[in-house]
> 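Mind having a look at this structure? Questions to follow.
To find a chain, count down the sequence lines: A is the first, B the second, and so on, and within it residues start at 1.
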Amino acid sequence: MAEITKAVRGTRDLLPPETALWNHVDRVVREIFRTYNFQEIRTPIFEETELFARSVGEETDIVSKEMYTFDDGVPAETLIRDVWLSCHAPEIAGRLRFNERLINEPYRQGPHEIGFNAFWNGRWTVVRPRYPVTSVDIRQIELYANEWRKERQEELSELGPIAPRLLVVTAQNGLTPEIAELAKSRAIEIESLSIADFEPPQSLTLRPENTAGVVRAYIEHNLWQRGLNKLYYIGPQFRRERPQKGRYRQFYQIGAEVIGPATAGSESPARDAEILELLAALLDKLGIKDWQLQLNSIGCADDRARYNEALGIALQPVKGQMCSDCQRRAAVNPLRIFDCKVPADQPIIEQLPRITQFLDEPCRRHFDEVQKILQALGVRFELNERLVRGLDYYTRTAFEFTHGALGAQNAILGGGRYDGLSQALGGPPAPGIGFAIGEDRLVMALGKSAEEVLERPEVYIAPLGPGMNKECARLARELRGHDIVVELGDESFRLKKSLETASKLGAKYVLIAGENELSTGVFGLKNLSTGKQQAVPRDHLLHTIRGQNGL
RNA sequence: GUGGGAGUAGCUCAACUGGCAGAGCACCGGACUGUGGCUCCGGACGUUGCGGGUUCGAUUCCCGUCUCCCACCCCA
């Protein structure tokens, strides 16, 4: 068996000391959220596929090709116990498609659908027939069955002989007289199942982002009854895309959502400004310099509809001169044309209408107000009329924070308002605004080394000689109980080795504990940076270590 | 999914047009039996990403494949 020695593509291990950096970020982030009165929410790491299709948008790349989706219900480890021949009526073929890899085109043909069913671990699953079958011909069924069995002789022989049977499944729970007659004439045993025996599995997806999950939870737990909800999350997300700088298939996001009934102020521009100011404060507190806030409004759904139409008309005469990507975008998602980096296209793009020209009065006022508050707060921003958002649920305010050190993937976080999302998912009206920070990229932008935030042991205890481990364990327990970081050596180590190790670990003190010290009750405490050593009675150890911490 | 670059010791990297796979750092031990950093001496360290081909001989050339990096597509 091949050894598994590598993390799968696009995933990675976060190792110490780098994890210290991540913990540092988490700590700072939680502290900021605390002062803005946000509370943590933790949603499941997978949800029903439908949730993401409905919120993120069926047509987005995320949903159409970048999600980790799987069917719940077909056991990964299966054991063939019995093999059946089957034919089922076409109207239930859809219900049988619980394993896409096993069923495909051949099932779509003919008046009846024919295949082999295997009873695996107490569940029915379907084995793809090798040829399209166009009619119920028992002779044909037998032929396929024999071929199939021949191919799998080795696995099947361990299971003993298999009785050929005909499995009939129909929507009405029963055999058609035609099939019954055929089976009888061939002396084949018949088992009849109803459609209810084939429960379609649930399609699940590893979350590609967390806003959908939060809004789902908001609806599920009637969170609107609390008024305004200010929620944050930190956790892994999953996207099946080609790895690149700062882009992993399991990546981490820090995000927050402000959501609630409009009467609770959730629709107010004050919320937008508060979120943006929070982010500015957060980046500053993390010591990230040189960030830029790009701001735009993409209006409400109506504005966007009118704008899309105008954009389409404006593109009509000029799109032929644009790059092939843009021609494709013009057809699929015209807004994305503004992402184009091809120099030759830029003059054309400059001439296109801008979404800001199409904002209705409330949207315009909202956007103006956001800007005014930001100015009052001294948060610097740049209007970027070309900033558009890819996900379906966004409305009005859209923003990104970018950072120079991140290569082509220069966005460190992004977000915006999503006033219609709750209703799109079947919930109550609940305007909201949120953002998500790519934590992998945030850590990259920190410009700080893990060593700077790594906590070093304060005391290294060096037991000297046989029998000293016991006493030193006691000492360690005592010090740790007083919140002192202690590393413990071993009585077999020579003192030289202990000192070396302690020095490498960056410990402040070495506590020397040999037989002499034990009998006199006075221990050697050596300061590794000054090289000075003093004799400290056991009762004073804690006090001495504490007292010198500041030095 | 597409294009380009790269993969050699734990890390950073050498190895000429194909000829015994190396250095620095790190690691372990000793000099020094209870006093670190400096120094000296010694030690361990590899399926050259994986698989195939050409060759007397492949880290080197060819093909395939995997992974990483950079960019595209796209995106919080």
> Using the P atom on both, measure B:rC74 against B:rU17 and round to a whole Å.
43 Å
> If you find the nucleotide of RNA chain B closest to A:Gly246 and the one closest to A:Glu400, which residue's nucleotide is nearer the 5' end?
A:Gly246
> Under 4.0 angstrom, heavy atoms only, what part of the nucleic acid is A:Glu209 near: base, sugar-phosphate, or nothing?
nothing
> Taking side chain to side chain donor-acceptor pair (under 3.5 Å) as the definition, give me every residue that meets it alongside A:Arg386, ordered by chain and number, with sequence neighbours left out.
A:Gln346, A:Glu350
> Give A:Gly255 one of three labels, base, sugar-phosphate or nothing, depending on what nucleic acid heavy atoms sit under 4.0 Å from its own.
nothing
> From CE of A:Met468 over to P of B:rG34, roughly how many Å is that when rounded to an integer?
15 Å
> Is it true that A:Thr211 and A:Glu257 share a donor-acceptor pair across their side chains at a distance under 3.5 Å?
yes
> For the pair made of CZ in A:Arg242 and P in B:rC68, what is the distance, rounded to whole Å?
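Atom-to-atom, A:Arg242 to B:rC68, this comes out as 9 Å.
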> Is A:Glu48 paired with A:Arg54 through a side-chain N to carboxylate O contact shorter than 4.0 Å?
no
> Send over the distance from A:Glu66 CD to B:rA76 P, rounded to a whole Å.
10 Å
> Work out how far the P atom of B:rA21 is from that of B:rC50, and round it to whole angstrom.
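Approximately 16 Å lies between the P atom of B:rA21 and that of B:rC50.
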> With the side chain of A:Lys504 defined as its heavy atoms from C-beta on, choose the nearest nucleotide among B:rC74, B:rC28, B:rG34.
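Selected nucleotide (nearest to the side chain): B:rC28.
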> Can you list everything that forms a side-chain contact (heavy atoms from CB on, under 4.5 Å) with A:Lys496? Sequence neighbours excluded, please.
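A:Lys496 satisfies side-chain contact (heavy atoms from CB on, under 4.5 Å) with A:Arg494, A:Glu500 only.
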> For the side chain of A:Pro243, starting at C-beta, report the closest nucleotide among B:rC68, B:rG36, B:rG34.
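Out of B:rC68, B:rG36, B:rG34, the nucleotide with an atom closest to A:Pro243's side chain is B:rC68.
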> Using the P atom on both, measure B:rG42 against B:rG49 and round to a whole Å.
31 Å
> B:rA76 C1' sits how many Å from A:Ile275 CD1, rounded?
14 Å
> Take atom C1' in B:rG10 and the same atom in B:rC45, then report the distance between them in whole Å.
9 Å
> Quick check, are the ring centers of A:Tyr232 and A:Phe33 under 6.0 angstrom apart?
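Centroid distance A:Tyr232-A:Phe33: below 6.0 Å, so yes.
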> Please tell me which of the listed nucleotides, B:rC73, B:rA76, B:rU2, lies nearest to the side chain of A:Ala411?
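That would be B:rA76.
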> Looking at B:rG34, B:rG29, B:rC72, which one has an atom nearest to any side-chain atom of A:Gln244?
B:rC72
> Quick one: which of B:rG36, B:rC69, B:rA71 gets closest to the side chain of A:Tyr248?
B:rC69
> Whole-Å distance between B:rC74 C1' and A:Asn410 CG?
14 Å
> Check every atom of B:rC69, B:rG36, B:rU35 against the side chain of A:Gln533 and return the nucleotide holding the closest atom.
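Looking only at side-chain atoms, A:Gln533 lies closest to B:rU35.
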> Looking at B:rU33, I'd like to know if its phosphate oxygens (OP1 or OP2) sit under 4.0 Å from a side-chain N or O belonging to A:Arg494.
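No, A:Arg494 has no side-chain N/O under 4.0 Å of OP1/OP2 on B:rU33.
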> For A:Leu282, run the side chain to side chain contact (heavy atoms under 4.5 Å, CB included) check against A:Ile288, A:Val29, A:Val25 and tell me which one passes.
A:Val29
> In whole Å, what separates the C1' atom of B:rG43 from that of B:rA9?
15 Å
> Rounding to an integer number of Å, can you tell me how far A:Leu495 CG sits from B:rG36 P?
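Computing the A:Leu495:CG to B:rG36:P distance gives 8 Å.
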> A:Arg242: which residues meet the side-chain contact (heavy atoms from CB on, under 4.5 Å) condition with it, sequence neighbours left out?
A:Arg9
> What distance, rounded to whole Å, do you find between the two C1' atoms, one in B:rG64 and one in B:rC70?
23 Å
> Within a 6.0 Å radius of atom CZ on A:Arg12, are there more than 12 heavy atoms belonging to other residues, nucleotides or ligands?
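Above 12, so yes.
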> Using whole Å, what does the distance between atom C1' of nucleotide B:rC69 and atom CE of A:Met444 come to?
12 Å
> Under 3.5 Å, is there a donor-acceptor pair linking the side chains of A:Asn410 and A:Thr402?
no
> Taking any heavy-atom pair under 4.0 Å as a contact, classify A:Glu517: base, sugar-phosphate, or nothing.
base
> Between B:rA26 atom P and A:Glu500 atom CD, what is the distance in whole Å?
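Whole-Å distance recorded here is 12 Å.
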> On RNA chain B, check which nucleotide each of A:Arg240 and A:Gly416 is closest to and give me the residue with the more 5' one.
A:Arg240
> Which is true for A:Asn516 with a 4.0 Å heavy-atom rule: it touches a base, it touches only sugar-phosphate, or it touches nothing?
base
> What nucleotide, of B:rA76, B:rC66, B:rG34, holds the atom closest to the side chain of A:Lys6?
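My answer, after comparing the listed nucleotides, is B:rC66.
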> Listed by chain and number, what are the side chain to side chain donor-acceptor pair (under 3.5 Å) partners of A:Glu491, not counting sequence neighbours?
none
> Does one side chain, of A:Glu385 or A:Thr356, offer a donor that lies under 3.5 Å from an acceptor on the other?
yes
> Rounded to whole angstrom, note down the C1' distance from B:rA58 over to B:rG18.
7 Å
> If you count the non-hydrogen atoms of other residues, nucleotides and ligands that lie under 6.0 Å from CZ in A:Arg477, is the total more than 12?
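It does not: A:Arg477 CZ has 12 such atoms or fewer within range.
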> Answer with base, sugar-phosphate or nothing: what part of the nucleic acid does A:Leu413 contact at a heavy-atom distance below 4.0 Å?
nothing
> Is any side-chain N or O of A:Arg239 closer than 4.0 Å to OP1 or OP2 of B:rA76?
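Checking B:rA76 against A:Arg239, no side-chain N or O comes under 4.0 Å of OP1 or OP2.
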> Using the C1' atom as the point on both nucleotides, what is the distance between B:rA14 and B:rG22, in whole Å?
7 Å
> Heavy atoms under 4.0 Å is the rule here; annotate nucleotides 38-43 of chain B 5' to 3' with B where the base is hit, S where only the sugar-phosphate is, and - elsewhere.
------
> Any N or O donor-acceptor pair under 3.5 Å from the base of B:rC74 to the side chain of A:Arg247?
yes
> Give each stem of RNA chain B as a range with a range, requiring at least 3 consecutive Watson-Crick or G-U wobble pairs whose two distances are under 3.5 Å.
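Runs of three or more consecutive pairs: B:1-7 with B:66-72, B:10-13 with B:22-25, B:27-31 with B:39-43, B:49-53 with B:61-65.
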> Under 4.0 angstrom, heavy atoms only, what part of the nucleic acid is A:Ile437 near: base, sugar-phosphate, or nothing?
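Since no nucleic acid heavy atom lies under 4.0 Å of A:Ile437, the category is nothing.
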